Amino acid sequence: MIAGNANNAHRNESVALALLKSASAFFIVSIVVLLGYLTFEGTKLFTVDHKSIFEFLFSPTFSPDTGQVGAAPFILGSLFVTGFAIAVGGPFGLAVGVFFSELAPPRVAAAMKPAIEVLVGIPSVVYGWLGLTLLVPLIRNMTGSTGFGLLSAGIVLSLMILPTVISLAEDAMRVVPNSLREGSLALGATRWETISRVLVPAARSGLAVAVILGIARAIGEALAIQMVLGNSPTIPHGLLNAASALTSEIVMDMGGAIQGSVTQHALFSMALLLLLIAMSLIVLVKFVVRRAT
Amino acid sequence: MSRFRAIAALAAGALVLAPQVAYADTTITAAGSTALLPLVKSAAELYQNAHSDIHITVTGGGSNVGIAQVAARAVDLGDSDVIARNQPELVDHKVCVAGFSVLTHPGVGVKNLGKKQLQDIFAGKVTNWKQLGGADTKIVIINRPRTSGTRGVFVHTIMGGQALNESGLTEDATGTVIAAVKSTPGAISYAVFAGTKTSKDGHSSTLEGIAELSIDGVAPTEENVTTGKYPIWSYEHIYTHGPPNKDVSRFIAFIQSNSKLVHQLGYILTRDMKVTETDR
């Protein structure tokens with residue numbers, strides 16, 4: 001009886017191990033296949049259609065039907081709205097996260113924590129819809145522009161990444177050992193000195209992760225910004241001008257892109273570029289954090 | 001372990017059987033032009049009411065989406081305002097003629113424009129309605145994306161080889177164009193009659209909240225399209241990949257022969273045309 005149980009336990013363990021191993025292997029293989037496929041299709045624009053990388057990156061005219069494949073307007077659009085979201089939503093989110101962790105009355109913090117975690121799950125289409133129905137008319141009435149454009153998309157994205165940044169920043173602050181807080185206060189530091197000189201530096205890498213995931217959510221967002229960006233495939237002259245991003249342009253054009261056409265190759269190249277930009281932004285943030293250590 | 005196997009077997013069985021259960025009846029799918037969408041959608045409803053064993057799914061996406069999807073055999077019918085070029089495998093079924101209006105926000109104060117003035121607006125050379133005798137309002141061009149057949153027809157019939165200025169907004173369906181023109185002061189765009197007009201007791205009138213422009217003094221009416229006086233119109237095509245099967249062919253014939261529906265929704269019967277596309 002006892003021997004049978006031990007046998008069973010042993011078998012269960014090896015089954016679990018095999019499951020975990022095969023899941024990891026499956027994950028790694030699928031990521032490699034995905035990257036390989038994207039690289040293969042994404043470079044056809046240059047290898048099969050013989051367009052220059054220089055034109056793709058820097059030309060302002062995107063009209064693949066006539067052979068012009070400049071993606072500069074979309075690259076600028078993506079970088080701008082992501083940069084705006086991080087510049088506005090990043091510091092704000094970190095500040096709120098620090099506040100909830102260190103300064104808010106415990107009861108308020110306990111109530112807000114689950115509320116913010118629920119907000120992380122709001123689908124992007126909801127943000128886009130609210131942007132379209134509330135923000136666009138507001139900006140239109142205030143500025144006399146169409147209301148669609150970089151400003152609207154930047155604000156929508158800033159709001160969208162806030163719950164993610166706040167929630168992760170708060171977690172990062174909470175895992176800082178209490179001994180640091182106590183030690184700092186015992187040395188006579190004020191509350192503000194404790195937070196700014198001791199706790200925030202100690203939580204630095206966790207706070208960086210909060211910003212990185214904010215960036216990741218912002219740069220990959222397609223639907224919400226497509227609804228408020230105006231989708232003009234031109235280089236915008238100002239905050240209030242309509243623009244387009246790599247993501248929203250792929251959404252706009254993918255349905256009509258015939259298999260093997262220049263349009264389809266250009267969209268694949270844009271997807272590949274989006275991946276590279278997202279990866280390098282994340283590496284950059286990690287590098288900056290390590291540098292500051 | 002055996003219970004796990006039984007569940008797995010059940011799940012696998014369900015996966016294999018489910019599609020067959022769902023597709024015991026005939027399903028026809030259509031995608032493409034949002035200019036032709038109202039007609040195909042209404043016809044599909046009527047046809048399904050009469051034939052309970054046929055299911056028809058209709059979506060938009062734009063003419064080029066319709067052509068790309070039917071070429072890839074992703075749908076049975078590809079709806080388009082423009083001719084599919086260099087695709088010999090596609091069979092063209094002309095269903096009707098559609099007229100297209102140039103529409104504006106009602107506050108622009110201009111009711112009629114010449115073709116040359118339209119070119120200047122859409123090429124971005126004229127930027128304020130004041131320059132055309134209207135209100136002192138900035139012109140906001142609302143374009144359709146490259147996948148749109150409506151855009152193709154407009155460029156072909158009006159722009160005379162000039163490129164569209166795309167610094168304004170882009171809306172990806174007829175319905176969203178009309179909503180955007182309604183809510184944006186100074187807006188101008190182009191859309192199918194079926195989207196810009198409503199029909200009541202056989203009389204069609206411009207939808208509330210937008211204005212339609214006359215072009216060189218010719219109003220955008222069905223009559224002016226049939227006589228060739230009004231320039232922006234095109235044949236509406238439904239494409240199939242090779243010759244259609246019996247069910248698909250019957251549905252296409254149903255659309256083509258339903259003159260009451262075609263007329264009621266603001267389209268024009270092919271037989272009423274007194275000019276052909278080559279006359280333009």
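The chains referred to below are lettered A, B, ... by the order of the sequence lines, with proteins before strands, and numbering in each begins at 1. All values derive from a computational prediction rather than experimental measurement.
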Margin query: Tell me every residue that passes side-chain hydrogen bond (donor to acceptor under 3.5 Å, both in side chains) with T34(B), counting only those two or more places apart in sequence or in another chain.
Written below: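 Only R144(B), T174(B) meet the side-chain hydrogen bond (donor to acceptor under 3.5 Å, both in side chains) criterion with T34(B).
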With rounding to the nearest 0.5 Å, note down the distance linking [atom1] in [X] to [atom2] in [Y].
{"X": "L229(A)", "Y": "T170(B)", "atom1": "CG", "atom2": "OG1", "answer": "10.0 Å"}
{"X": "M252(A)", "Y": "D172(B)", "atom1": "CE", "atom2": "CG", "answer": "5.0 Å"}
{"X": "F148(A)", "Y": "I142(B)", "atom1": "CZ", "atom2": "CD1", "answer": "7.5 Å"}

Using a heavy-atom cutoff of under 4.5 Å, enumerate the residues of [range] that contact chain B, numbered in order, or state 'none'.
{"range": "residues 262-273 of chain A", "answer": "none"}
{"range": "residues 124-142 of chain A", "answer": "R140(A)"}
{"range": "residues 230-247 of chain A", "answer": "G230(A), N231(A), S232(A), P233(A), T234(A), A242(A)"}

Notebook entry, point to check: Given that the side chain runs from C-beta out, which part of S63(B) has a heavy atom under 4.5 Å from chain A: side chain, backbone, both or neither?
Noted result: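 It is neither, since no heavy atom gets under 4.5 Å.
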Margin query: Counting only heavy atoms from other residues, nucleotides and ligands, does the tally under 6.0 Å from NZ of K44(A) exceed 12?
Written below: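 Yes, because the 6.0 Å sphere around NZ of K44(A) holds more than 12 heavy atoms from other groups.
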Check: So which of N64(B), T147(B), L169(B), T176(B) has the biggest tally of heavy-atom pairs under 4.5 Å with chain A?
Finding: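 Of the candidates given, the most pairs with chain A belong to L169(B).
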Next item on the list: Between chain A and each of A72(B), A68(B), G62(B), count heavy-atom pairs under 4.5 Å; write down the option with the most.
Entry: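 Heavy-atom pairs under 4.5 Å are most numerous for A68(B).
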